[in-house]
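This report refers to the structure that appears directly beneath it.
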Amino acid sequence: YPMAVWLEIEQKLTQVPSTNPSKQRFLDRVNFFGQAASMDKQGRVVLPQMLRESAGMTGEVSVLGKQNHLAVWNLKRLQERLFKKEPFTDEDGKVLSEFGI
């Protein structure tokens, strides 16, 4: 996430009670895996090794724009998800059409 977007998420998290188990699990993961990163002079971001390993980032990757952040996927895992595990269905199209999309 860009820092401005992440700060919005953190602000929303302040509204969730600190004893909420979902908040605790989310923060555990964010604090374990999350790191600030910056782009090099060529516009590249180096993903930390721990993230690459946990996400199976070997071989080709794909970068998806998610409106307010980027998602980086192992290409084979992404293709498996898009075409086999979670294909876009007619029902998805119908739901989105209700939003004028």
Side-chain angles (χ1 to χ4, degrees):
Y1 292 92
M3 188 54 73
V5 173
W6 181 250
L7 292 174
E8 289 177 24
I9 293 169
E10 283 189 346
Q11 182 60 38
K12 291 176 184 178
L13 282 167
T14 65
Q15 305 304 310
V16 181
S18 62
T19 56
N20 182 296
S22 296
K23 176 180 179 176
Q24 292 174 5
R25 284 189 291 273
F26 177 76
L27 289 174
D28 286 347
R29 280 151 185 79
V30 167
N31 288 317
F32 183 75
F33 289 111
Q35 296 182 25
S38 58
M39 291 186 181
D40 68 12
K41 292 179 182 179
Q42 294 179 329
R44 300 174 298 189
V45 175
V46 176
L47 297 177
Q49 183 175 349
M50 181 174 27
L51 288 178
R52 291 192 314 266
E53 289 173 357
S54 68
M57 291 292 169
T58 58
E60 291 187 59
V61 299
S62 185
V63 179
L64 306 176
K66 295 286 198 170
Q67 293 186 300
N68 65 356
H69 68 282
L70 299 174
V72 182
W73 279 81
N74 170 285
L75 182 59
K76 289 181 182 177
R77 289 174 74 176
L78 177 61
Q79 290 171 331
E80 175 78 15
R81 179 179 151 242
L82 292 178
F83 302 120
K84 295 181 181 176
K85 293 181 179 177
E86 299 175 29
F88 189 84
T89 65
D90 290 341
E91 181 63 25
D92 294 324
K94 181 180 176 184
V95 169
L96 291 177
S97 73
E98 294 172 7
F99 293 95
I101 298 170

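Only this structure's heavy atoms are used, side chains among them; waters, hydrogens and symmetry mates stay out. Numbering of residues begins at 1 and proceeds along the displayed sequence.
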- Item | H69 side, atom NE2; L64 side, atom CG - distance, nearest 0.5 Å | 9.0 Å
- Message: Assigning hydrophobic clusters by single linkage (Ile, Leu, Val, Met, Phe, Trp, Tyr; side-chain heavy-atom cutoff under 4.5 Å), is F33 placed with L27?
- Response: no
- How about Q49: does its CD atom have over 12 heavy atoms from other parts shown lying under 6.0 Å from it? no
- Note on the structure: All heavy atoms of M57 vs all of V61, minimum pair found to be SD-CG1, 3.4 Å
- Message: Let me confirm one number: the CD-NZ distance from Q79 to K85, rounded to the nearest 0.5 Å.
- Response: 13.0 Å
- Closest non-hydrogen contact found for N74 with T58 is ND2-O, 3.0 Å
- May I ask you to test the T14-E10 pair for a side-chain heavy-atom distance under 4.5 Å? no
- Going hydrophobic residue to hydrophobic residue with side-chain gaps under 4.5 angstrom, can you get from L47 over to M50? no
- Item | Test side-chain contact (heavy atoms from CB on, under 4.5 Å) applied to K12 and I9, step by step | CA-CA 5 Å; K12 291 176 184 178; I9 293 169; 5.7 Å; no
- Note on the structure: d(D92 CG, E86 CD) to nearest 0.5 Å is 9.5 Å
- Query: Any link between M3 and V5 through a network of hydrophobic side chains (Ile, Leu, Val, Met, Phe, Trp, Tyr) touching at under 4.5 Å?
  - Reply: yes
- Message: Could you report the tightest heavy-atom contact between R77 and S54, atom names first, then the distance?
- Response: NH1-O, 4.1 Å
- Nearest atoms (heavy-atom pairs only) where L75 meets S62: CD1-CB, 4.1 Å
- Task: Go through the steps for W6 and V30 under the test side-chain contact (heavy atoms from CB on, under 4.5 Å), then give the verdict.
- Result: CA-CA 11 Å; W6 181 250; V30 167; 3.5 Å; yes
- Query: About how many Å separate CG of D28 and NZ of K23, when rounded to the nearest 0.5 Å?
  - Reply: 12.0 Å
- Check the pair F26 / L13 against side-chain contact (heavy atoms from CB on, under 4.5 Å), numbers first and verdict last. CA-CA 10 Å; F26 177 76; L13 282 167; 3.7 Å; yes
- Judged by atom type as modelled, is there a donor-acceptor pair below 3.5 Å linking the side chain of N68 to the main-chain atoms of Y1? no
- Note on the structure: Note: M39 and V45 closest approach over all heavy atoms is CG-CG2, 3.5 Å
- Are L82 and W73 grouped together when hydrophobic residues (ILVMFWY) are joined by side-chain heavy atoms under 4.5 angstrom apart? yes
- D90 CG: over 12 foreign heavy atoms closer than 6.0 Å: no
- Query: Going only through I, L, V, M, F, W and Y residues with side-chain contacts under 4.5 Å, is there a path from V46 to L51?
  - Reply: no
